Amino acid sequence: MKKHRTSIFILIILSVIAIIFVVSRTGGTFKQELQEFAISDTSNVVKIFLSDKSDNDILLERQANGRWLANGEYLVRKDMIDILLATMKNLRVAAPVPRAAYNTVVGNLAARSTKVEIYQRSYLIDLFYRIRLFPRVKQTRVYYVGDITPDNIGTHMLLENSSMPFVVYWPGFRGFIASRYTTRLNDWRDHSIFTQKYLQIASVEVFFPSIPEQSYKVVNNPDGFMDIVPYGQESPIHGYDTLKMLGFITAFEDIRYEALVDDMDMRIVDSITSSEPLHIITLSDVYGKKTQVKTFRRQATDMAVDLYGQQFDYDPDRMFALINNDEDFVLVQYFTFNRIVRPFRFFLNDTEN
């Protein structure tokens, strides 16, 4: 019995020594600062610069109103920047890259990684987060984001001025972190076309080139009432469906496009945009800004057929549009646009539509 107790005691002692050895070896081999990818407080991140090996780069900057701009010009999609900031906050190091894979991972990082530069606002004097003086913007992180690991859980990352890449992951998340650091401008651009609230709208004109008699102008009067003036006339009509008008004007609060069309042959784009538009929508806001959108039919695919098996001539779900002073050619959905391209007859009382 005494012999067994001695063996158990020795086994426990050896186990404790082994654990201490492993822990101390892990912590001692790689300095903590070489593993620090995460940003604990992303609320003070004010600038993010992303660049890849193909000379693509994106500069994301937080504005005073909390919105972000991409490359100093385009509003950034809120969901995209929120996901990126959350990713930066939740990064954790799983382990250093295994010795057997070291050369391959380093080679891949050198060939096709994305460089990430993070800038945060700090204060020269910061007393308990209450008294903050002398703000400044400082570069606080620079690292490279590489490929995902073979198990699709981790991502290879390397801090600048370090020679040891790590497998980094987001605990509980199974997916591709690397895609959040995209350098494609179109991935970052906000898809909003109209974002004006009811009281911000001065007038809206909807013109149907092929059926001008269904065109009109809605004027939002200072007294809170709206007038609808038929195309070619100067005086508003009396009596329209108030609820339908309210639904129309409030729809301009959130109208977005589905996708930016930037991979189509320009000759085809020119052919489409030189044809007669389906709708021309012009919104003037109370600040004097005018926003105009022109829509165009989209050719149906061979797969698009109606209930009777007849092929559609035009796409029944989507159409093209020119936005931002005709600078951007985008794809929009009828499901979204039908709310703001109502024909004139839609607003008349006791009218079936």
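Quick caveat, the model's predicted, so the values are computed rather than measured.
By the 4.5 Å heavy-atom criterion applied to side chains, Tyr216 and Val206 are counted as neighbours. Side-chain contact between Ser113 and Tyr143 is absent, with no heavy atoms from C-beta onward closer than 4.5 Å. Side-chain contact between Phe347 and Ile237 is absent, with no heavy-atom pair separated by less than 4.5 Å. With a 4.5 Å cut-off on side-chain heavy atoms, Ile340 and Val204 do not count as touching. Residues Ile48 and Leu85 meet the side-chain proximity criterion, which asks for heavy atoms closer than 4.5 Å. A heavy-atom distance below 4.5 Å is found between the side chains of Val167 and His156. Between Phe337 and Val293 the shortest side-chain heavy-atom distance falls below 4.5 Å. In this structure the side chain of Arg189 reaches within 4.5 angstrom of the side chain of Asp328, judged on heavy atoms.
For the pair Ser271 (side chain) and Arg267 (backbone), a donor-acceptor distance under 3.5 Å is absent. The main-chain N or O of Leu59 is never found under 3.5 Å from a side-chain atom of Trp188 such that the two would form a donor-acceptor pair. Here the side chain of Asp326 pairs no donor or acceptor atom with the backbone of Leu322 at under 3.5 angstrom. Without hydrogens or angle criteria, Ser275 side chain to Ile272 main chain gives a donor-acceptor distance under 3.5 Å. No donor-acceptor pair closer than 3.5 Å links the side chain of Asn56 to the backbone N or O of Asp52. Between the Gln214 side chain and the Arg345 main chain, a donor and an acceptor come within less than 3.5 Å of each other. In terms of modelled atom types and a separation under 3.5 Å, the side chain of Asn325 and the main chain of Glu327 share no donor-acceptor contact.
Between Lys47 and Glu61 there is no salt bridge, since no side-chain nitrogen of the basic residue lies less than 4.0 Å from a carboxylate oxygen of the acidic one. Using a 4.0 Å cut-off between charged nitrogen and carboxylate oxygen, Asp82 and Lys78 count as a salt-bridge pair.
Distance CD1/Ile177 to CE/Met157: 5.5 Å, rounded to 0.5 Å. Remark: Gln196 CD to Asp285 CG distance equals 6.0 Å, nearest 0.5 Å. For the atom pair CG of Leu60 and OH of Tyr119, the computed distance is 12.0 Å after rounding to the nearest 0.5 Å. Considering CG of Leu109 and CG of Leu158, their distance stands at 6.0 Å, rounded to 0.5 Å. Within the model, atoms OG1 of Thr42 and CZ of Arg62 stand 7.0 Å from one another, a figure rounded to the nearest 0.5 Å. The OG1 atom of Thr282 sits 9.0 Å away from the NZ atom of Lys294 when rounded to the nearest 0.5 Å.
The heavy-atom pair separating Tyr334 from Pro316 by the smallest distance is CD1-O, 3.4 Å. Closest of all the heavy-atom pairs between Ser215 and Phe207 is OG-CD1, 3.2 Å. Shown here for Val46 and Arg121, the closest heavy-atom pair between the two residues is CG1-NH1, 3.4 Å. When all heavy atoms are compared, the tightest approach of Tyr181 to Leu91 is OH-CD1, 3.7 Å. Considering every non-hydrogen atom in both Gly146 and Ala178, the closest pair reads O-CB, 3.7 Å. Of all heavy-atom pairs spanning Ser122 and Lys138, the tightest one is OG-CB, 4.4 Å.
No more than 12 heavy-atom neighbours from other residues, nucleotides or ligands sit within 6.0 angstrom of CG on Asp55. Within a 6.0 Å sphere centred on CZ of Arg141, heavy atoms belonging to other residues, nucleotides or ligands number more than 12. When the shell of 6.0 Å around NZ of Lys53 is examined, it contains more than 12 heavy atoms from other residues, nucleotides or ligands.
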Open item on the list: Apply salt bridge (Lys or Arg N to Asp or Glu O under 4.0 Å) to residues Asp57 and Lys115 and explain how you reach the verdict.
Closed with: CA-CA 9 Å; Asp57 53 60; Lys115 184 179 182 181; over 6 Å; no

- [ ] Run the numbers on Asp190 and Arg256 for side-chain contact (heavy atoms from CB on, under 4.5 Å), then give the verdict.
- [x] CA-CA 9 Å; Asp190 184 79; Arg256 300 166 183 265; 3.9 Å; yes

Open item on the list: If you apply the rule side-chain contact (heavy atoms from CB on, under 4.5 Å), what do you find for Leu159 with Asn161, and how did you get there?
Closed with: CA-CA 6 Å; Leu159 282 169; Asn161 300 323; over 6 Å; no

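Ring centers of Tyr231 and Phe344: at least 6.0 Å apart, outside the cut-off.
A cation-pi contact links Arg297 to Tyr314, judged by a cut-off of 6.0 Å to the six-membered ring centre and 45° from its axis. Relative to the six-membered ring of Phe173, Arg180 meets both conditions, a distance below 6.0 Å and an angle of at most 45° to the axis.
The only member of Ile255, Asp254, Thr250 that meets side chain to side chain contact (heavy atoms under 4.5 Å, CB included) when paired with Arg339 is Ile255. Applying the side chain to side chain donor-acceptor pair (under 3.5 Å) test between Asp315 and each of Gln333, Gln299, Arg298 identifies Arg298 as the sole match.
There is a path of hydrophobic side-chain contacts, each under 4.5 Å, that joins Val261 to Ile268. Hydrophobic clustering of Ile, Leu, Val, Met, Phe, Trp and Tyr side chains at less than 4.5 Å, counting indirect connections, unites Met88 with Met80. Under the 4.5 Å side-chain heavy-atom criterion for ILVMFWY residues, no single connected hydrophobic cluster contains both Val341 and Phe320. Val106 and Val93 fall within the same hydrophobic cluster, where Ile, Leu, Val, Met, Phe, Trp and Tyr residues are linked whenever their side-chain heavy atoms come under 4.5 Å apart, directly or through other members.
A ring-ring contact (aromatic ring centres under 6.0 Å, His included) check over residues 266-297, counting only residues at least two apart or in different chains, returns the pairs Phe208-His279.
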